[in-house]
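To keep things clear, I will list the structure first and then write my remarks on it.
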2 protein chains.
Amino acid sequence: MYQPHPALRKPITAADRVLQEIQRAIVDGDMAAGSKISEPELARRFDLSRAPLREALARLERCHLIERIPNAGARVVKLSTTGLLALYQLRENLEGLACKLAAEHMSDDEITEVRQLLDQHLSSQRVREGESYYQEAGDLDFHYRVILGSKNSYLINILCDELYYLVRMYRVQLGMNGPRVSRAFDEHKAIITAIANRDGELADLLMRRHIAASRRNIELQLEQMGT
Amino acid sequence: MYQPHPALRKPITAADRVLQEIQRAIVDGDMAAGSKISEPELARRFDLSRAPLREALARLERCHLIERIPNAGARVVKLSTTGLLALYQLRENLEGLACKLAAEHMSDDEITEVRQLLDQHLSSQRVREGESYYQEAGDLDFHYRVILGSKNSYLINILCDELYYLVRMYRVQLGMNGPRVSRAFDEHKAIITAIANRDGELADLLMRRHIAASRRNIELQLEQMGT
DNA sequence: GATACATATATTGTCGACATAATTAATCAC
DNA sequence: GTGATTAATTATGTCGACAATATATGTATC
């Protein structure tokens with residue numbers, strides 16, 4: 001699965017491992033949204049003490065996958081339409097900025113790599129038509145690369161470490177796939193082209209549209225589930 | 001001092017207290033930039049065990065005041081020109097967005113309150129001409145109100161909880177005051193007027209300019225120190 | 001039967017101690 | 001004297017247990 005981001009932090013601690021496991025469990029819906037998190041129970045389940053577990057919980061709160069109340073415990077975050085809207089409002093803006101900065105700061109080599117990545121996605125997509133999971137990963141891969149290309153450490157931290165698990169949670173639990181998949185590839189192509197042309201303004205615009213389209217797609221899915 | 005933000009979390013824990021103390025110490029420069037953080041030493045200093053201290057350190061990392069390396073410990077963050085640039089690049093964008101959203105979502109009452117706040121600042125500023133600290137707090141107060149007015153919880157979290165301590169650190173340690181103070185008030189006035197007129201686009205633009213001006217001011221200060 | 005209060009239970013926050021890893025000090029080779 | 005290697009020391013990661021707080025249960029009252 002996706003590491004926080006090309007993290008230099010080599011030594012992997014017990015807290016890291018349990019963090020990844022719980023992250024995956026929440027994103028995939030194995031831990032029900034809104035359900036209470038019991039520290040003693042999780043400690044038993046993952047066979048470690050509460051100290052590293054609490055470290056993991058602190059980081060889960062940081063990426064908005066759980067909500068903690070002092071002395072009262074933590075709960076798995078609940079998906080909501082307003083939450084989705086707020087999240088994507090922010091994403092449009094931040095990833096737009098990331099594109100603008102990427103157009104300024106990405107090296108030619110990095111751009112070439114992203115293009116190769118897209119070609120690779122296209123071929124693998126043709127093979128596994130409709131396979132939602134790999135598309136999901138591929139899409140995030142593209143966004144990751146662009147975000148890293150911004151070279152703004154705070155922006156990278158917010159998008160890759162703090163917001164993306166939530167984004168994935170919405171996508172995974174709402175079962176995103178369908179016809180938007182192929183269109184998304186075209187939009188990715190257009191974005192990297194704008195970046196390659198060092199046209200930050202256009203790259204910004206295209207990314208905002210790309211994310212807005214994705215948001216509408218998810219909103220639709222949410223409404224569908226509501227009825 | 002400034003609480004994380006109008007936090008509903010009533011119960012104040014030992015970790016909260018030590019967090020605030022260390023936050024203040026780092027922002028004010030009482031803990032030297034780049035200096036190592038010793039858990040045993042701090043635990044002794046604040047007379048508590050390492051458990052709540054580590055909780056506090058986790059949150060300090062979250063607001064970028066310290067940098068941790070697994071198994072190697074934490075260090076107080078170092079100010080740098082590139083860091084300042086990255087931070088303000090992000091701020092321009094995010095607070096611009098906050099303004100746009102505030103123009104949509106702030107109630108008339110909230111707008112009135114902010115205006116009263118500005119009048120209050122103006123009078124108190126005339127009394128204590130050049131008093132940097134109160135201006136500092138007042139400026140942040142204005143920005144806080146606007147950010148809260150955006151009603152976007154993720155945006156609020158990022159700006160008020162994760163980025164603002166760093167902003168304050170740059171300002172406090174570089175001794176921001178001087179002639180920009182009075183101009184900043186005018187800019188605040190213009191921004192809240194745009195919000196009151198429900199002109200999100202203009203409010204966005206004005207806030208970006210306001211922050212860009214602030215950035216140039218700080219950059220100047222940094223260069224001055226470099227020579 | 002519903003509400004308010006008191007009790008009992010369980011959970012979180014905190015503590016002190018140990019295991020492991022990193023840093024420093026010391027030793028040795030050249 | 002300098003560099004590398006090893007030992008000593010310190011710090012971080014983890015553990016199990018206790019204290020304070022919140023939740024759940026039961027009891028009494030209206």
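Order of the sequence lines sets the chain letters (A, B, ...), proteins ahead of strands, with each chain counted from 1.
Contacts of B:Arg75 classified as side chain to side chain donor-acceptor pair (under 3.5 Å), with partners at least two apart in sequence or in another chain: none. Contacts of B:Asp30 classified as salt bridge (charged side-chain N to carboxylate O under 4.0 Å, His left out), with partners at least two apart in sequence or in another chain: B:Arg24. A search for side chain to side chain donor-acceptor pair (under 3.5 Å) contacts involving B:Ser153 returns nothing, not counting sequence neighbours. The salt bridge (charged side-chain N to carboxylate O under 4.0 Å, His left out) search around A:Asp108 returns A:Arg198, not counting sequence neighbours. Qualifying salt bridge (charged side-chain N to carboxylate O under 4.0 Å, His left out) partners for A:Glu113, counting only residues two or more places apart in sequence or in other chains: A:Arg145.
Within the 3.5 Å criterion, the main-chain N or O of B:Leu84 finds a donor-acceptor partner in the side chain of B:Tyr170.
If you measure from atom CD1 of B:Ile69 to atom C1' of C:dA22, you get 11 Å, rounded to the nearest angstrom. Separating the NZ atom of A:Lys36 from the P atom of C:dA10 is a distance of 14 Å, rounded to the nearest angstrom.
OP1 or OP2 of C:dG13 sits under 4.0 Å from a side-chain N or O of A:Arg54. Considering only side-chain N and O atoms, A:Ser38 lies nowhere under 4.0 angstrom from the phosphate OP1 or OP2 of C:dA10.
Bounding nucleotides for the chain B contact on DNA chain D, 5' to 3', at a heavy-atom distance below 4.0 Å, are D:dA11 to D:dT14.
In this structure, A:Thr13 and A:Asn71 both approach DNA chain D, and ranking their closest nucleotides by distance from the 5' end singles out A:Thr13.
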For residues 42-50 of chain B, please give each side-chain donor-acceptor pair under 3.5 Å, one per line with the distance, not counting sequence neighbours.
| from | atom 1 | to | atom 2 | distance (Å) |
| --- | --- | --- | --- | --- |
| B:Ser49 | OG | B:Ala51 | N | 3.2 |
| B:Arg50 | NE | B:Glu39 | OE1 | 3.0 |
| B:Arg50 | NH2 | B:Glu39 | OE1 | 3.1 |

Show me the side-chain donor-acceptor pairs of residues 96-107 of chain B shorter than 3.5 Å, one per line, residues at least two apart or across chains.
| from | atom 1 | to | atom 2 | distance (Å) |
| --- | --- | --- | --- | --- |
| B:Ser107 | OG | B:Glu110 | N | 3.1 |
| B:Ser107 | OG | B:Glu110 | OE1 | 3.4 |

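Nucleic acid contact for B:Ile37: sugar-phosphate only, since backbone atoms but no base atoms lie under 4.0 Å from a heavy atom of the residue. Using a 4.0 Å heavy-atom cutoff across all strands shown, A:Ala51 reaches at least one base atom of the nucleic acid.
DNA chain C lies under 4.0 Å from at least one heavy atom of each of the following residues of residues 40-48 of chain B: B:Leu48.
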